[in-house]
Amino acid sequence: DAGVIQSPRHEVTEMGQEVTLRCKPISGHNSLFWYRQTMMRGLELLIYFNNNVPIDDSGMPEDRFSAKMPNASFSTLKIQPSEPRDSAVYFCASSPAETQYFGPGTRLLVL
Amino acid sequence: GIQVEQSPPDLILQEGANSTLRCNFSDSVNNLQWFHQNPWGQLINLFYIPSGTKQNGRLSATTVATERYSLLYISSSQTTDSGVYFCAVDPTGTASKLTFGTGTRLQVTL
């Protein structure tokens, strides 16, 4: 398997623009996670899905963030409107049970 | 929520040396994982080890759940071991809400 796939790998945008990050989990994994990593706050769980259903979104920072998983092989994390403080590396991970497998991340810079 | 502390925060080793990284957690856990984040940012799962001892090549890990700590041993370190090592825990037993520690940054020099 190719592992967890994320796109784009890098994104530079201006404040106020909409940003969409994409993730393809490992086939057969029934859980999917979105994380954000910053120097100040480390790795934080934003939201996770089980069998395509959002289970816990308590980590989503505010209403500007939204995530969807329309099917078992695709998820998006959207930020609208983006702000400079959203600059971070966003990771997607998937899991068949106890162990999580991370994608390469999307490095987002909001100017 | 659960607190995860890792020590030391930074570690510099010469190639060939051994090291022990520690993870303390504040509450009972049913899921504990060790990850390595390489210098390119990729997070690699090393061990799923809620209790007991596991070994994989030059790496081994031990979790003493009753005393709320886990240790990661790196033997005969290589420059490719450089990066940040994270411990992550979840009280629920699944991988549903991992809380990550702040990491140990390891640099292995020639």
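Hydrogens, waters and symmetry mates are skipped; everything else that's a heavy atom, side chains included, is used.
Counting only N and O atoms by type, the side chains of A/N50 and A/S31 include a donor and acceptor under 3.5 Å apart.
Among the candidates B/V108, B/T109, B/N38, B/L106, the single residue satisfying the side-chain contact (heavy atoms from CB on, under 4.5 Å) test with B/S82 is B/V108.
With a threshold of 4.5 angstrom between heavy atoms, A/L45 approaches chain B through side-chain atoms but not through N, CA, C or O. The part of B/F86 that comes within reach of chain A is its side chain, from C-beta onward, which places non-hydrogen atoms under 4.5 angstrom from that chain. With a 4.5 Å cut-off on non-hydrogen atoms, A/Q37 touches chain B through its side chain but not through its backbone.
A/R107 places no side-chain N or O within donor-acceptor distance of the main-chain N or O of A/H10, the cut-off being under 3.5 Å.
Between chain A and the options B/T102, B/T99, B/N45, B/L43, heavy-atom pairs under 4.5 Å are most frequent for B/L43.
Note: B/F100 and A/Y35 have perpendicular aromatic rings, judged against thresholds of 30 and 60 degrees for the angle between ring planes.
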